[in-house]
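Below: the structure, in structure tokens.
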Amino acid sequence: MNRQTGEGGIGMEYTIIEGNYAKIGVSKMADTVYFTFEGEKEKKCAILLYTANGEQDRIPVPDEYCIGALRSVGIRGLKWKKLNYNYEIDGKLVFDQYARKVIGREKWADPKRLQEDYQIRAGFDFAEFDWCADRFPEIPREQMVMYKLNVRSFTMDGGAVGRKKGTFAGVMEKIPYLKALGVTSLELMPVYEFEELAVQPYAVQDVEGWSDNAKEGYLLEEEKKPPLKINCWGYLPGHYYAPKASYASTGEPSTELKKLIQMLHKNQMECILEMYFDEKMNQNIAVEILRYWVMEYHVDGFHLLGAALPVDAMAQDLILRRTKLFAEGFSSRLFKGEPSYPHLFVYNDDFLYASRKLLSRNNGNMPELLNQLKRQNAVFGFVNYVAGNNGFTLADLFSYNEKHNEENGEDNQDGLLWNFSCNGGVEGATRKRNILEYRKKQMRNAIVLVLIGQGVPLLMAGDEFGNSQQGNNNCYCQDNKTGWANWGNRKRFAPFTKFVQQMIAFRRQHPILRSRLPMQMCDYASRGCPDLSYHGENAWIASGSLYPHAVGILYYGAYAVREDGTEDDYLYIGLNFHIQQQSLALPKLPHRMGWYVAVDTADKETPFFETPKPVEKKHQIEVPPQAVMILVGK
């Protein structure tokens with residue numbers, strides 16, 4: 001079928017043929033571009049082509065080019081490089097949900113997009129990318145340290161310069177910093193194309209009984225432009241096949257994101273994407289979307305968010321079999337037998353609340369925390385964190401008792417109500433030295449808890465340098481210094497950043513803290529001690545209290561082997577969440593061995609000892625109030 005555009009068209013000759021139903025979206029083979037999209041046979045469908053200067057052509061799709069609910073047409077000879085497109089179905093303009101590039105969203109939060117006649121278009125993206133023999137790092141879960149960030153907020157306030165602010169390129173410049181910190185796996189909040197702009201409607205007023213002048217004034221007020229709100233996080237349905245255009249400094253978002261992932265892989269780091277699907281999402285399409293990102297962008301994993309997620313289907317999909325999947329839970333039928341490559345992770349708030357309640361002395365439960373610290377499974381892993389984007393930052397957790405979300409414009413009704421936080425006596429900023437020292441110690445305590453747990457530790461971007469959101473625990477709409485990571489804090493919090501780095505390295509040096517198999521709390525291999533045991537005022541005897549505030553945890557290093565083949569050390573962790581100093585018994589070590597202090601969060605000058613120091617008493621240790629100590633037996 002030969003056709004030449006008529007008057008007002010884009011002036012080119014091409015041939016229309018039946019398309020390729022096997023690949024939904026737009027694809028290209030030789031000189032033919034294929035368009036495959038949802039469109040029932042009873043509907044009139046067409047492809048709308050646009051040039052940069054606004055010229056348009058309409059290409060009807062023959063009714064017979066249909067299988068099931070898929071329409072597919074090939075256009076031979078199409079000069080696609082200077083064109084954009086949309087679909088028309090029964091006279092209605094339809095955007096291609098499989099588009100790999102979105103035209104019209106290149107500028108972040110551009111108010112022009114709110115005009116009634118503003119139109120986004122789908123772009124063609126057939127660019128080849130040289131992956132240079134790129135390989136998935138496939139970092140074993142026992143070696144993982146995760147770091148979660150929002151591309152824009154991470155790089156806006158000192159995180160990058162010039163055009164790289166708020167972009168993939170800005171994140172790429174931070175790879176050396178993240179690697180030096182000890183991060184292995186980068187979790188990115190949504191980077192697919194979503195509309196960040198939203199119009200907030202005015203509240204409807206009841207004007208009955210108002211005077212004419214008052215009514216007139218109200219109507220004049222209504223004529224003003226409605227307020228705008230920005231959703232910075234992107235937990236919205238979006239165009240899942242297209243990387244976010246405004247996150248690119250170059251105008252080529254797909255290439256820039258691929259370069260970021262390629263550079264992560266070169267540094268033996270992983271890229272994990274958050275994917276939000278609502279209950280309206282076709283579950284088969286959701287699986288296909290994940291496959292696409294793995295094959296096209298070499299993504300290493302997905303944090304699955306939303307409703308009605310087909311997590312079991314995703315977990316069993318053959319293409320996703322070595323892709324790490326993070327979700328609130330999985331079906332028990334997936335947990336039969338030990339997999340050759342464990343790739344499933346439970347990602348929820350259980351560890352967060354167990355830790356926070358004890359740290360803030362707010363109805364804490366030591367057995368609950370101990371269970372969270374040792375939770376592990378041969379089939380699936382766990383993610384441990386005490387702060388994330390949904391809630392207080394680590395610094396705010398110990399600076400605010402109440403949330404302060406007034407600037408969100410929702411009358412402080414949004415955000416988590418229960419934060420289990422503790423401000424130390426003053427709400428917000430203070431110059432009182434004792435309160436500031438208390439807050440720093442509590443931050444060190446929280447970091448230690450995350451890094452001694454058997455699950456995968458997760459840090460929220462900026463927590464390592466004391467990033468604050470001024471008590472806002474729901475910064476989704478704060479595209480400003482409140483929501484941006486404050487890199488200006490780095491100098492002031494340099495000692496804390498170093499402590500975080502040291503603790504990550506300590507975890508890496510001691511495989512007993514990150515065993516792939518769950519602890520049995522017995523000497524099941526007859527090596528002389530239980531793999532894990534708890535101690536109170538007397539060795540080998542936990543406190544008689546149902547909810548003790550202090551406990552000693554002994555990890556027996558013989559149940560873990562270092563990379564060089566040697567057994568790990570004895571590790572003893574003293575937890576004291578009491579407001580007073582507590583005595584804990586130290587188990588007796590073999591002949592000629594002694595206990596040495598490696599970490600003392602109460603020591604504000606040197607909380608981490610590069611060279612562990614010997615304890616004063618062989619069989620007892622005094623743990624300072626609300627502090628954590630880690631001892632090494634050697």
Side-chain angles (χ1 to χ4, degrees), residues 145-162 164-189 232 260 263-264 267 269 385-389 392-400 428-431 433 435-448 450-451 457-472 475 478-507 601 603-608 610:
V145 176
M146 296 175 64
Y147 189 95
K148 182 176 180 178
L149 62 85
N150 175 281
V151 168
R152 181 170 173 83
S153 62
F154 183 65
T155 57
M156 285 298 294
D157 193 13
V161 296
K164 292 184 178 180
K165 286 186 175 183
T167 68
F168 300 124
V171 175
M172 189 159 63
E173 288 189 344
K174 291 298 180 186
I175 290 177
Y177 164 81
L178 295 169
K179 189 171 180 64
L181 188 65
V183 173
T184 68
S185 309
L186 208 59
E187 178 182 349
L188 304 182
M189 293 169 68
C232 306
L260 169 60
M263 187 58 66
L264 287 170
N267 283 273
M269 298 171 70
Y385 57 98
V386 293
N389 62 289
F392 281 146
T393 67
L394 183 62
D396 287 355
L397 183 61
F398 304 110
S399 300
Y400 296 89
T430 182
R431 293 184 178 181
R433 186 169 298 177
I435 293 178
L436 292 174
E437 290 301 333
Y438 161 81
R439 291 174 177 177
K440 290 177 183 178
K441 180 179 69 171
Q442 289 290 68
M443 289 171 66
R444 292 192 291 268
N445 287 339
I447 287 296
V448 170
V450 169
L451 290 168
L458 168 69
L459 303 177
M460 188 64 202
D463 277 350
E464 76 277 12
F465 50 76
N467 187 58
S468 173
Q469 295 174 171
Q470 290 76 55
N472 192 318
C475 263
Q478 295 299 317
D479 184 35
N480 49 43
K481 287 183 177 293
T482 299
W484 298 339
N486 181 8
W487 288 88
N489 271 7
R490 285 191 62 191
K491 184 176 181 180
R492 184 159 59 96
F493 279 87
F496 181 67
T497 305
K498 182 179 180 182
F499 178 75
V500 175
Q501 185 182 41
Q502 290 169 324
M503 280 303 307
I504 292 174
F506 184 83
R507 176 185 175 86
T601 62
D603 190 324
K604 61 184 180 182
E605 299 299 331
T606 54
F608 187 95
E610 296 285 359

[X] side, atom [atom1]; [Y] side, atom [atom2] - distance, nearest 0.5 Å:
X	Y	atom1	atom2	value
Ser399	Met443	OG	CE	8.0 Å
Ser185	Leu178	OG	CG	11.5 Å
Tyr147	Leu186	OH	CG	8.5 Å
Leu188	Phe168	CG	CZ	7.5 Å
Arg444	Phe608	CZ	CZ	13.5 Å
Leu149	Thr155	CG	OG1	8.5 Å

Quick one: closest heavy-atom pair of [X] and [Y], and the distance?
X	Y	answer
Leu458	Glu187	CD1-OE1, 4.1 Å
Cys475	Gly483	SG-CA, 4.1 Å
Ala485	Phe465	CB-CZ, 4.4 Å
Phe392	Gly471	CE2-O, 3.2 Å
Lys174	Gly159	CE-O, 2.8 Å
Lys441	Thr601	CG-O, 3.4 Å

Mind checking side chain to side chain donor-acceptor pair (under 3.5 Å) for Gln502 and listing every partner two or more places apart, or none if nothing turns up?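 If we apply the side chain to side chain donor-acceptor pair (under 3.5 Å) test to Gln502, skipping adjacent residues, the hits are Glu610.
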
[X] side chain to [Y] backbone, donor-acceptor under 3.5 Å:
X	Y	result
Asn267	Met263	yes
Ser468	Asp396	no
Asn150	Cys232	yes
Trp487	Gly462	no
Asn489	Gly466	yes
Ser153	Trp484	no
Thr497	Glu464	yes

Take Met269 and Thr184 through the side-chain contact (heavy atoms from CB on, under 4.5 Å) test and state the conclusion after the steps. CA-CA 5 Å; Met269 298 171 70; Thr184 68; 5.6 Å; no

Any chance NZ of Lys440 has more than 12 other-residue heavy atoms, nucleotides or ligands included, within less than 6.0 Å?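 Open: at most 12 neighbouring heavy atoms sit under 6.0 Å from NZ of Lys440.
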
Tell me, yes or no, whether the heavy-atom count around Lys179 atom NZ, taken from other residues, nucleotides or ligands under 6.0 Å, exceeds 12.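 More than 12 heavy atoms, drawn from other residues, nucleotides or ligands, come within 6.0 Å of this atom.
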
When you compare the side chains of Asn467 and Thr393, does any donor N or O come within less than 3.5 Å of an acceptor on the partner?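 There is no such pair (donor and acceptor under 3.5 Å, judged by atom type) between the side chains of Asn467 and Thr393.
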
Going by atom types alone, do Asn472 and Gln470 pair a side-chain donor with an acceptor below 3.5 Å?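 Distance-only check fails for Asn472 and Gln470.
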
Any non-hydrogen side-chain atom of [X] less than 4.5 Å from a side-chain atom of [Y]?
X	Y	answer
Asn486	Lys481	no
Tyr385	Met460	no
Met189	Lys148	yes
Glu173	Lys164	yes

Pair Ile447-Leu394, side-chain contact (heavy atoms from CB on, under 4.5 Å): steps then yes or no: CA-CA 9 Å; Ile447 287 296; Leu394 183 62; 4.0 Å; yes

